[in-house]
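Lettering of chains follows the sequences in order, A, B, ..., and the numbering in each one begins at 1.
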Number of protein chains: 2
Amino acid sequence: MPRPTLRSVANAAGVSTAAVSYAFNRPDRLSAQVRTQILAEARRQGYSGPDAAGRSLRTGRAGAIGVIFTVGLSYAFSDPYVLAMLGGLAEVTERTRTGLVLIPFDLGTAGLDDDARRQSLDAVHRAVIDGAVADGLGDGHPAVRVLADRKIPIVQSAETTAGRCVVTDDRAAGRDIGAHLAGLGHTDVTVVVASPAEPGVPVPDVDEGTLYPYSTLRLTGIREGLGGTARIRVVSGGRNAPESGRVAADLALAGPGRPTAIAADSDVLASGVLDRLRAHRLRPGTDVSVTGFDDAPLAAPAGLTTVRQPMRDKGRLMGRMLLDPAYTETRVVLPTELIVRSTTGPARLPERTS
Amino acid sequence: MPRPTLRSVANAAGVSTAAVSYAFNRPDRLSAQVRTQILAEARRQGYSGPDAAGRSLRTGRAGAIGVIFTVGLSYAFSDPYVLAMLGGLAEVTERTRTGLVLIPFDLGTAGLDDDARRQSLDAVHRAVIDGAVADGLGDGHPAVRVLADRKIPIVQSAETTAGRCVVTDDRAAGRDIGAHLAGLGHTDVTVVVASPAEPGVPVPDVDEGTLYPYSTLRLTGIREGLGGTARIRVVSGGRNAPESGRVAADLALAGPGRPTAIAADSDVLASGVLDRLRAHRLRPGTDVSVTGFDDAPLAAPAGLTTVRQPMRDKGRLMGRMLLDPAYTETRVVLPTELIVRSTTGPARLPERTS
DNA sequence: TCCGTCCCGTTAATCGATTAACAAGACGGT
DNA sequence: ACCGTCTTGTTAATCGATTAACGGGACGGA
């Protein structure tokens with residue numbers, strides 16, 4: 001016997017397909033009698049209800065929203081920022097019984113003709129979703145563009161010209177960091193950012209045009225906070241992971257002109273930086289100051305000076321924007337707070353080992 | 001202008017819908033000429049490619065697999081076991097460009113007539129997926145049943161009679177724990193399990209019929225390992241969370257007959273237990289022994305004796321079973337290893353405070 | 001008796017795409 | 001001149017459901 005369908009049940013039960021549809025979707029439209037018959041026949045055939053794909057096509061609703069990240073999916077599950085955000089988002093989707101589609105995409109291939117892009121963004125094209133949350137991705141990002149082309153409502157956690165977004169004021173937060181460091185006398189700062197590359201790929205001199213939107217903003221803020229005279233260098237060790245922080249730290253510490261402070265774009269990166277400082281017998285906060293971002297769970301135990309942002313709220317609000325029609329806000333700015341701990345202290349020039 | 005479709009593009013370009021479909025899916029079937037024309041017209045209309053729902057229906061493929069957990073979605077993102085498993089799973093889905101649909105379901109309502117169940121399991125019905133991974137859920141679980149009814153290929157991480165599964169030998173692992181404790185002279189052990197309830201709900205005497213499949217097996221193993229004469233009590237403080245461990249620990253420590261050891265069903269629960277021990281001024285491993293399960297990242301720093309299981313591999317293998325046609329294994333057993341650290345030690349009877 | 005309401009089931013159009021089978025023309029070889 | 005083979009585009013059936021609009025019968029009130 002082939003797979004049962006609405007029609008096969010209808011035929012066997014001697015009713016129209018409409019009746020079967022109603023039996024499952026609008027019980028009140030049918031007499032109890034007929035409904036029971038239909039359900040019985042359905043059970044007999046092993047028909048468990050209307051097919052998801054068929055229903056999706058006909059109703060134009062998927063009952064699910066998509067999520068895309070700056071970071072590879074398999075890695076996302078170890079990123080505290082992403083996890084907190086997803087947790088908040090899930091609170092909302094759970095309540096509305098909405099599925100969460102985690103979409104993998106791979107932009108390793110930089111070949112950008114229309115076809116290659118379609119291929120690589122296949123999953124973004126094929127996702128059956130009613131809306132999407134784009135975390136950390138700007139308007140220009142290919143995956144965001146695909147979603148926009150598909151006319152799928154989208155909420156971003158980065159500034160957007162046309163769409164809706166929930167953001168933290170990364171620039172102001174950067175300014176707080178910069179000012180804090182400036183106040184401690186730091187004038188030579190290395191900024192550690194994440195890049196889409198695998199962890200462990202050292203980039204001694206980052207092209208600022210390729211930064212994630214939030215990185216650009218934080219960097220700008222740090223510059224502003226430090227004032228015009230500070231020397232600033234931007235390095236990367238790959239995607240947001242401790243290993244990348246380690247690689248970036250080695251980059252920063254190599255050579256003669258060691259910076260007096262290292263500002264990492266996330267606590268995860270900062271934790272890697274701290275690892276390497278210790279390996280180099282440099283005391284964080286004394287020999288070299290270090291800052292992070294997020295105030296992830298790992299930050300407090302490490303004594304890391306960082307910027308707290310309400311990560312879970314971010315997810316929650318993005319979810320509400322997408323799923324709660326009553327919530328019409330188009331742009332929400334979340335507060336941040338500089339949390340000073342022990343990894344920052346007065347600038348101290350490296351002693352010459354000559 | 002209405003939303004562009006395959007047909008609207010075909011009409012405007014003066015070709016058949018088949019041609020348009022081929023233009024996007026099988027470029028080689030068309031002359032470069034015609035293809036370019038079609039793509040141009042598509043771009044003009046803002047048509048970004050075949051609609052996902054339509055395509056899904058027609059091809060019978062969704063390009064995504066579902067995941068269901070024992071635990072609520074919003075909580076899943078803070079469960080180290082789940083995260084490791086998901087990470088492994090994502091490695092596989094990423095490679096095959098397959099989406100990951102996290103399905104929320106809510107069984108708070110115990111009313112179980114066919115309709116209420118359909119309602120509550122709505123998301124499981126509606127998910128557009130090609131297969132599913134069920135973590136920790138047995139054949140009898142409603143959500144698993146729905147998936148089975150839908151004839152969706154499913155891989156479980158619990159024993160199954162008909163389907164495929166990737167499991168750890170929980171019973172043997174339990175035996176290891178039991179034997180380890182027995183070897184240290186423990187004869188009075190409280191087992192802490194997770195239940196579907198919110199954290200913080202004390203259950204002083206758990207009905208063993210309601211346990212998750214893995215808990216049942218571990219418990220059986222612990223009994224076997226301890227030998228027939230040991231006194232065993234099973235308590236719960238709610239779903240897998242530190243708070244539940246705390247509540248369960250209070251339950252275990254209350255009253256006169258304090259156990260000499262507490263065996264928790266996960267490291268997360270164990271961490272809560274350790275919290276409370278400290279609060280009661282009891283030294284883990286000296287006054288009371290504690291064991292966990294999983295060897296999650298938190299275990300080593302806490303000195304927790306636990307059973308290591310390859311969580312990430314579990315996800316990876318479940319993914320392969322579902323997505324790699326060459327992988328025909330039907331049941332895989334993963335190894336476990338008892339990791340003895342400092343939270344277990346020789347049994348010591350509580351001193352009477354009379 | 002007549003008519004307005006309900007109740008409940010049916011008719012039929014439609015959602016947006018894929019793909020086997022076919023056919024027309026081009027091409028090359030003998 | 002003839003025929004097999006490619007190449008390239010079309011025809012048309014099909015995937016599985018939803019829902020506005022319709023209509024026949026029962027029922028109640030005047």
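Counting to the nearest Å, the P atom of dT10(C) and the CZ atom of R35(A) are 15 Å from each other. One interatomic measurement links the two molecules: OH of Y22(A) to P of dT11(C), which rounds to 13 Å at whole-angstrom precision. Nucleotide dC8(C) holds its P atom 11 Å from the CD atom of Q33(A), rounded to whole Å. In this entry the distance linking CZ of R26(A) with C1' of dT19(D) reads 8 Å, nearest Å. The distance from atom CG of L30(A) to atom C1' of dC7(C) is 11 Å, rounded to the nearest whole Å. The distance between atom CZ of R126(B) and atom P of dT18(D), rounded to the nearest whole Å, is 11 Å.
The stretch residues 128-145 of chain B participates, sequence neighbours left out, in no salt bridge (Lys or Arg N to Asp or Glu O under 4.0 Å) pair at all.
Nucleic acid contact class of V20(B) (heavy atoms, under 4.0 Å, all strands): none. Using a 4.0 Å heavy-atom distance criterion, S16(B) is classed as a base contact. Using a 4.0 Å heavy-atom criterion, one finds that V34(A) contacts the sugar-phosphate atoms exclusively.
F77(B) and F77(A) have parallel rings, their planes meeting at less than 30° on a 0 to 90° scale where 60° marks the start of perpendicular.
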Contact list (N/O, under 3.5 angstrom) for nucleotides 12-17 of chain C vs protein:
residue: dT14(C); atom: O2; partner: R58(A); partner atom: NH1; Å: 2.2
residue: dG16(C); atom: OP1; partner: R3(B); partner atom: NH2; Å: 3.3
residue: dG16(C); atom: N2; partner: G54(B); partner atom: O; Å: 3.3
residue: dA17(C); atom: OP1; partner: Y47(B); partner atom: OH; Å: 2.7
residue: dA17(C); atom: OP1; partner: D51(B); partner atom: N; Å: 2.6
residue: dA17(C); atom: OP2; partner: L6(B); partner atom: N; Å: 2.4

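Annotation: cation-pi geometry satisfied between R239(B) and Y75(B) (NZ/CZ under 6.0 angstrom from ring centroid, within 45° of ring axis).
Side-chain contact between L83(A) and L83(B) is present, with at least one heavy-atom pair separated by less than 4.5 Å.
The closest donor-acceptor contact from the side chain of Q45(B) to the backbone of S8(B) lies under 3.5 Å.
A donor atom on one side chain and an acceptor atom on the other are not found under 3.5 Å apart for Q37(A) and E41(A).
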